[in-house]
Every structure is written in C-alpha cells, then in structure tokens.
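Everything below concerns the one structure shown next.
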Amino acid sequence: MDSSQTQALVDEAAGLVASCGDANALANAKARFLGRDGLLTQRMKSLGKLSGAERAAAGRELNAAKQRIEALLAEREAAIEAALLDARLSAEAIDVTLPGRSAGHGGLHPLTLTIARVEEIFRSIGFDVADGPEIEEDFFNFTALNTPADHPARSMHDTFYVDPVAGAQPGLLLRTHTSPMQIRYARAHQPPIRVIAPGKAYRVDSDATHSPMFHQVEGLWVDDDISLADLKNVYADFLAQFFERDDIDLRFRPSYFPFTEPSAEIDMRFADGPLAGRWLEVSGAGQVHPDVVRNIGLDPERYIGFAFGSGIERLTMLRYGVGDLRVFYENDLRFLQQFSR
Ligand code: PHE
C-alpha cells in the first residue's frame with residue numbers, strides 16, 4: 001500500500017462526508033472508513049505484515065489519515081447541528097411586530113340596554129327602581145289587582161301555574177305582568193310613591209311580536225294631588241328621552257284593565273322616519289282603581305294613583321328598528337354584536 005492509495009481513501013472519505021445531510025448518514029460514513037471493518041481499519045490491520053521500518057512509516061501515514069477523516073466527520077457534524085438549529089429557530093420565530101390576540105369583549109343584550117336606559121331616565125325624574133319575584137302569588141298577580149278568581153280578564157292572562165309541592169304555598173304562578181309590584185311596593189312605602197319595576201313576565205303567547213317570556217316595566221305614582229295630565233307629561237318626557245327625539249306624539253286610547261279606572265293604551269307616533277304617522281302601542285295605563293288603592297292600605301278618598309305597564313321588547317324594537325321580537329332570544333351573535341358598545 002502506498003501513500004497515494006491512502007490519499008485516495010481520504011479524498012473518498014472527504015467526498016462522502018461532504019454529501020452527508022444528517023447524523024445518520026454521517027454515522028454510516030464513519031462506519032465505512034473507521035468502523036470495525038472499515039476501509040481504513042482494514043489497512044491498519046494489515047500493517048502487521050510489513051517489516052519494521054515500513055510499518056512505522058505506513059503507520060504514521062494511516063494515523064494521519066485517520067485523524068484527517070475524524071476531523072472531517074467532526075466538522076460535518078457541527079455543520080449539520082448548526083443547520084438544524086437554524087431551521088428550528090426560524091420555524092419557531094416570534095414576529096414581535098404582529099398585533100396581539102384580542103381578548104374578545106362582550107356586550108350587553110339590547111333588552112338589558114333598554115332596561116338600563118329606562119331606569120336611568122326614570123331615576124332622573126325622581127322615581128325609585130324596584131324588583132320583585134317572577135314566581136308570584138295568585139293574590140298579588142290577580143286578586144289584589146281587582147281580578148278575582150272568576151274574573152273574565154284572567155283568561156287574557158292564561159299563564160304557567162307552579163304545581164303545588166308538599167308544604168309549599170298554593171296558588172303560585174309565573175307572573176303575567178309586572179303589576180303585582182304595584183301592590184308589593186305600595187304596601188311597603190308611604191306616599192308620595194314614585195316607582196318603576198322592570199322585569200320578566202310570562203304568558204301563553206308566541207308569535208313575531210309575542211314571546212311566552214317577555215319584559216315589562218311597571219310604573220306607579222301615588223300622591224294626593226296628581227292628575228292624568230301628570231302621568232301624560234311624565235310619559236311624554238320619558239319617550240322623548242328614551243328615543244332621543246322631539247317628534248313624538250302621544251295618545252291615550254280608551255281601554256280596559258280591572259285594576260285601573262279609567263284605563264288606556266298609550267300609543268305613540270313619530271312624525272319623521274320610516275315609521276312616520278303610524279300609531280304604535282307602547283303601554284297600558286290608567287288611574288289606579290279605588291279598590292286597588294284600598295288593597296294597598298290607602299284611603300282612595302285621599303290618594304290618587306296612576307300606573308302604566310310598558311313592553312320592554314316593544315320599546316327596544318322601535319328604538320332600533322327590529323321587526324321580529326324572536327331575535328332577542330336566539331342568541332345569534334351577528335344580531336347581538338350590533339348592540340355592543
Ligand atoms: N299590566 C297591564 C298588562 O300587562 C298593563 C298595565 C299596567 C295597565 C298598569 C294599566 C296599568 O297588560
């Protein structure tokens with residue numbers, strides 16, 4: 001074996017190592033030259049056949065070749081590792097110039113917005129805001145409101161009755177209006193009484209403008225020297241503030257409720273805009289019936305009361321131009337997001 005053969009082996013190793021793309025290929029290349037049966041190893045094994053002087057020279061040469069190949073392998077291994085690291089760094093790179101992920105903010109439901117708005121307006125004109133039970137006693141929902149058990153007006157208020165459970169009060173129902181709050185509040189406060197009570201009510205009703213669960217706001221004003229004109233003023237003022245418009249007409253259309261006398265439906269009309277000229281019913285109202293004044297423990301000869309009960313859905317539909325009340329309960333974000341502010 002001569003030095004040109006050794007050099008050829010080193011050249012071959014250099015070529016092969018240079019072509020290695022990963023640690024596996026490199027291990028194979030190492031085995032091919034330096035492994036137990038590797039090409040260089042075989043040559044080293046054959047040194048024994050040489051005479052002393054030749055063996056020393058050839059041994060040095062093979063050792064140098066071995067070191068050279070080991071150096072080539074180490075160099076290539078470092079290069080492969082560096083390339084791997086580079087690839088990983090660029091794959092995992094964080095682009096600090098990208099905008100942050102937003103937390104996604106919620107919004108209030110349009111009916112909640114309306115209730116808050118109604119409360120704010122009535123508070124600003126001196127009304128208290130009260131809250132009462134949705135599961136109501138028959139007494140407060142009907143009897144105290146001049147609607148005894150055999151009264152035909154009850155059928156307009158067909159409702160959901162709560163099965164009497166052992167030990168529970170009989171005559172519980174889902175309230176059909178917020179009017180029971182007239183009784184509850186007035187029994188607990190002294191005149192002058194000025195209160196609104198917004199909340200849920202329930203009826204067996206379901207179409208584009210009625211839902212079995214809906215919202216009302218009750219209003220009650222009891223004093224010794226007020227008149228229907230005061231109620232009309234307050235309500236007109238409320239509507240102007242609620243809709244932020246001064247083109248609203250109001251009319252009290254004769255109606256019937258057992259607990260008010262006289263009774264009226266309050267209709268409103270915009271002078272401008274898409275609904276211009278159409279009378280729209282927004283509320284029931286009336287002078288609190290003397291029997292009801294008595295039921296809350298006051299003398300109807302001395303005190304006079306006015307009450308109204310307005311539909312929250314109706315007010316919301318008119319304010320935002322919503323045509324179908326069912327969208328309020330479908331939880332479709334495309335609808336709800338239009339109200340988040
Ligand atoms: N409670 C009546 C209804 O739900 C509305 C109303 C309230 C009427 C107060 C008069 C006075 O239809």
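Atoms within each ligand, like the ligands themselves, are counted from 1 in listed order. These numbers come from the heavy atoms of this one structure, side chains and all, not from hydrogens, waters or symmetry mates.
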Tested for ring pair (Phe, Tyr, Trp, His ring centres under 6.0 Å) against F259, the lone hit among H289, H177, H151 is H177
Ring centres under 6.0 Å, that's the criterion: do Y185 and H189 meet it? yes
Considering the heavy atoms of A285, write down every atom of ligand 1 situated less than 4.0 Å from one of them. 8 (C), 10 (C), 11 (C)
Pick from R203, R175, Q287: the one approaching atom 3 (C) of ligand 1 most closely through a non-hydrogen atom: R203
Given F214, F306, F308, F259, identify the one with the heavy atom nearest to atom 2 (C) of ligand 1. F259
Looking at ligand 1, does any of its N/O atoms fall within less than 3.5 Å of an N/O of T260? no
Taking the side chain as every heavy atom from C-beta outward, state whether L250 and I266 have any pair of such atoms under 4.5 Å apart. yes
For Q216, the atoms of ligand 1 under 4.0 Å from one of its heavy atoms are 3 (C), 4 (O)
Aromatic contact between F306 and F252, with the criterion being ring centroids under 6.0 Å apart: yes or no? no
With a 4.0 Å cut-off, would you call E12 and R32 a salt bridge? yes
Under 4.0 Å to a heavy atom of A307 - the qualifying atoms of ligand 1, by number: 9 (C), 11 (C)
Under 3.5 Å, N or O to N or O, is H177 touching ligand 1 that way? yes
Electrostatic pair K49-E54, nearest N-O below 4.0 angstrom: no
With a cut-off of 4.0 Å, which atoms of ligand 1 are near a heavy atom of Q182? 9 (C)
Would you mind listing which atoms of ligand 1 come within a distance below 4.0 Å of any non-hydrogen atom of G309? 6 (C), 7 (C), 9 (C)
Using a strict cut-off of less than 4.0 Å between a Lys/Arg side-chain nitrogen and an Asp/Glu carboxylate oxygen, indicate whether E244 and R319 qualify as a salt bridge. yes
